A.B. asks: 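Dropping a structure here in structure tokens format, bear with me for questions.
These numbers come from the heavy atoms of this one structure, side chains and all, not from hydrogens, waters or symmetry mates. As the structure is a computational prediction, the values presented were derived from the model and not from experiment. Just so it is clear: chains get the letters A, B, ... in the order the sequence lines come, proteins before strands, and each one is counted from 1.
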Number of protein chains: 2
Amino acid sequence: MATIKDVAKLAGVAISTASYALNGSSKISGETKKKVEEAAKTLNYKKNGLASDLKRTKTNTIALILTDLSGPFYSELIKGVQDVTTANGYDLIACSSIGGSKSTAAKFLTEKRVDGAIILAHNISDEIALEAAKHNFPIVVLDRHLESESIYQVEVDNVHGGYLATEYLIKRGHKEIAYVSGPSNSHDNILRFQGYMEALEDNHIPYQPKWKIVSDFTRSGGYRATKLLIAQNDLPEAIFYANDEMAIGGMQAFKEKGIQVPDDISMIGFDDIQLAEYVHPPLTTIQQPKYEAGSLAVHLIFQVLGGEKINHHYKLTTDLIERKSVRVIQPSSSTQG
Amino acid sequence: MATIKDVAKLAGVAISTASYALNGSSKISGETKKKVEEAAKTLNYKKNGLASDLKRTKTNTIALILTDLSGPFYSELIKGVQDVTTANGYDLIACSSIGGSKSTAAKFLTEKRVDGAIILAHNISDEIALEAAKHNFPIVVLDRHLESESIYQVEVDNVHGGYLATEYLIKRGHKEIAYVSGPSNSHDNILRFQGYMEALEDNHIPYQPKWKIVSDFTRSGGYRATKLLIAQNDLPEAIFYANDEMAIGGMQAFKEKGIQVPDDISMIGFDDIQLAEYVHPPLTTIQQPKYEAGSLAVHLIFQVLGGEKINHHYKLTTDLIERKSVRVIQPSSSTQG
DNA sequence: GTGAAAGCGCTAACAA
DNA sequence: TTGTTAGCGCTTTCAC
């Protein structure tokens, strides 16, 4: 483990000179520079990044906090984050928030190991985020509402998305529309449900509590919720799943029971994950501008780091992607099932 | 930014005492400990992880180097890595090797920012890995052969997998079998091709160069390679794609031309990615023990970190997953082995 | 253009 | 049990 000291000694210069030479300062003569570089090479010197960062009180890296490194997550979003991070000459690391306050995420958030962070991890508490956000440590949250001087939020218009999905179902003649919900403490979920309620109301369709099934955003959760709906022996005409993963789990449940989508029941998801277009039938869903969300998030961080004063809230729009999982119900003799 | 100095001062104790108290040393009296903790709380003190790591010359985190954070990659593998890393009380960060020697990956590999690393990133050079691997900085590579004191490799039996795939096709009556290759410098690809050749030879089927198409492991690469095959106007009976992504691209190409899989042509992939069972028809492919590979990789790192002497090579077996993309060709005149 | 020296914030001998 | 102190390896004034 050669240090800069060793390099300086071998090159016969002072430590500071070695440092300047290695970092490409213009005040070092070509000859000295060469000497130092050679010494570094023969000693196989590699700088200690921690020491360097500590001294400079700057890490040049930003963290992306994810629920779980092994996914599923939005690769488009990560791409957006990655692209603008590297474009700005910064490094990006991803870490998981599994383990809550003892997680890697918490460690990187609080211990000054990065210059800023983006949170997309419902399993990390508001408290941790709030505590970590301090002056000059910007955090942007993609999955919650949080008010703090150094916290910025970019969100997708979930209410509108929920409205869009529900309205689409209604316009195609569905009246009995179930909502398979995400975790009830999920911010996204609450907003999507709100959109569902608003669309129902605007179309004078009464909300029926029996058609709200609480699940957990996972594929197996969607599967179980759907089984439950089937077991009730009173299927709705359509189901709005609060995310695609659950919808795909639901498809599986229907397939097992020989219930055809969309002929026997319509379904719609939310997210437009990659799989959505490959399942059978291809899933109609709500698309979020994921790449934009990701790139905007980092962009905001760099603005704050650069000393700009910026807004704390950003909202992006959603679109409906029409595929094959919803049928049209003829309005003639409207009594089904 | 309160430091431990401020905490010590407020608590009226020495810096070392504060440090001990905060780190839960048993030699500190309960009373002192409480005083220190209170001071820390009122100052909103958070330790500087860099300083701590620098002093201890240990980071307690290991890095997972991936080609691209935004995938596609093997989530099962990451799960394996993640599970055993956290089980050992270590932190895990993922970083991308986009950018080669200027990438985040290179930075974390060389600048002593982590205690060990796992490389699954064909776009990072052997040189970087070799340079980074030094005594007490273990690296395990999952995607190449590399000999060095501190480099360990776990690989999947690609030759056997390639053999299995090809043999399966042959046993179902196919003789004209194309190989859509990954990049020719890919280690995995070379081995899979070797398995293909061996199976051909063992079954007395001559290898025909016209049926090796070089592509690049991407979906669009597979699409293009397949288009090329179609344009040749002389389709084989079956195609062995060196990975699933390319096979899925190939399916798309066939679909556009109205060529039915498997009725008009059989295909088989390699990897068993998540999508494989969802495409139409579901893709028969070779499954790798990804979770095991990931968990074994970290396990090895911890053994080395713990001072154990271990083997440098590990090989895991592959299995064939039978789905619907291969038809059986009736043995008109020839008999099966 | 180069060198001496002062820390960045922390841990851990060692001394008291 | 607590305090003093010497660094971890680096960057960066400031003097020459």
A.B. asks: A:D83 versus A:Y291: any side-chain heavy-atom pair under 4.5 Å?
C.D. replies: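 Sidechains of A:Y291 and A:D83: in contact.
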A.B. asks: Starting at atom NZ of A:K58, determine the distance to atom C1' of C:dG9, rounded to an integer number of angstrom.
C.D. replies: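 So the NZ-C1' distance, A:K58 to C:dG9, works out to 19 Å.
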A.B. asks: With the sugar-phosphate defined as primed atoms, P, OP1 and OP2, and the base as all remaining atoms, what B/S/- string results for nucleotides 11-16 of chain C, 5' to 3', for protein heavy atoms under 4.0 Å?
C.D. replies: BBB---
A.B. asks: I'd like to know if the side chain of B:Y45 reaches the main chain of B:T42, judged simply by a donor and an acceptor atom lying under 3.5 Å from each other, with no hydrogens or angles considered.
C.D. replies: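 Absent.
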A.B. asks: Using whole Å, what does the distance between atom P of nucleotide D:dG7 and atom CG of B:L50 come to?
C.D. replies: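 Distance, rounded to whole Å: 22 Å.
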A.B. asks: Any base atoms under 4.0 Å from A:L54, or only sugar-phosphate, or nothing? Heavy atoms, all strands.
C.D. replies: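 Base, at least one base heavy atom under 4.0 Å.
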A.B. asks: I'd like to know if B:K58 and B:D53 make a salt bridge, using a cut-off of under 4.0 Å between side-chain N and carboxylate O.
C.D. replies: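 No, no charged N to carboxylate O under 4.0 Å.
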A.B. asks: Starting from P on D:dT12, measure out to CD1 on A:I28 and report it in whole angstrom.
C.D. replies: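 In whole Å, D:dT12 P and A:I28 CD1 are 13 Å from each other.
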A.B. asks: For the helix from C:dG1-D:dC16 to C:dA16-D:dT1, figure out the bend between the end axes, five pairs an end, and round to 10 degrees.
C.D. replies: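 Both end axes considered, the difference amounts to 40°.
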A.B. asks: In whole Å, what is the span from the NZ atom of A:K35 to the P atom of C:dT2?
C.D. replies: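 Rounded to whole Å, this separation is 7 Å.
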A.B. asks: Over 60° means perpendicular and under 30° means parallel, so classify the ring planes of A:H312 and A:Y152, tilted if in between.
C.D. replies: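 Parallel: the ring planes of A:Y152 and A:H312 meet at under 30°.
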A.B. asks: I'd like to know if the side chain of B:H313 pairs up with that of B:E155 as donor and acceptor (distance under 3.5 Å, no hydrogens or angles considered).
C.D. replies: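 No donor-acceptor contact under 3.5 Å links the two side chains.
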A.B. asks: Starting at atom NZ of B:K112, determine the distance to atom C1' of D:dG9, rounded to an integer number of angstrom.
C.D. replies: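 Distance, rounded to whole Å: 9 Å.
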A.B. asks: With side chain to side chain contact (heavy atoms under 4.5 Å, CB included) as the test, pick out the partner of A:D126 among A:L146, A:V141, A:I119.
C.D. replies: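 Testing each of A:L146, A:V141, A:I119 against A:D126, the sole residue satisfying side chain to side chain contact (heavy atoms under 4.5 Å, CB included) is A:L146.
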A.B. asks: To the nearest Å, how far apart are B:D6 CG and C:dC10 C1'?
C.D. replies: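 Distance, rounded to whole Å: 13 Å.
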A.B. asks: Could you check how far CG of A:N48 sits from C1' of D:dT11, rounded to whole Å?
C.D. replies: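 Distance check: A:N48 CG to D:dT11 C1' gives 13 Å.
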A.B. asks: Does any part of the side chain of B:V114, heavy atoms only, come nearer than 4.5 Å to the side chain of B:I62, both counted from C-beta?
C.D. replies: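 Heavy-atom side-chain distance check fails, nothing below 4.5 Å.
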A.B. asks: Using atom CD of A:E31 as one end and atom C1' of C:dG1 as the other, report the distance to the nearest whole Å.
C.D. replies: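 Taking atom C1' of C:dG1 as the reference, CD of A:E31 is at 12 Å.
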A.B. asks: Quick one: are B:I151 and B:V140 in side-chain contact, heavy atoms under 4.5 Å?
C.D. replies: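 B:I151 does not reach B:V140 side chain to side chain.
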A.B. asks: Please determine whether a side-chain nitrogen or oxygen atom of A:T3 lies at a distance below 4.0 Å from atom OP1 or OP2 of D:dC8.
C.D. replies: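 Checking A:T3 against D:dC8: no side-chain N or O falls below 4.0 Å of OP1 or OP2.
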A.B. asks: What I want to find out is whether A:K46 reaches B:E131 closely enough, with some N-O distance under 4.0 Å, to be called a salt bridge.
C.D. replies: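 B:E131 and A:K46: salt-bridged.
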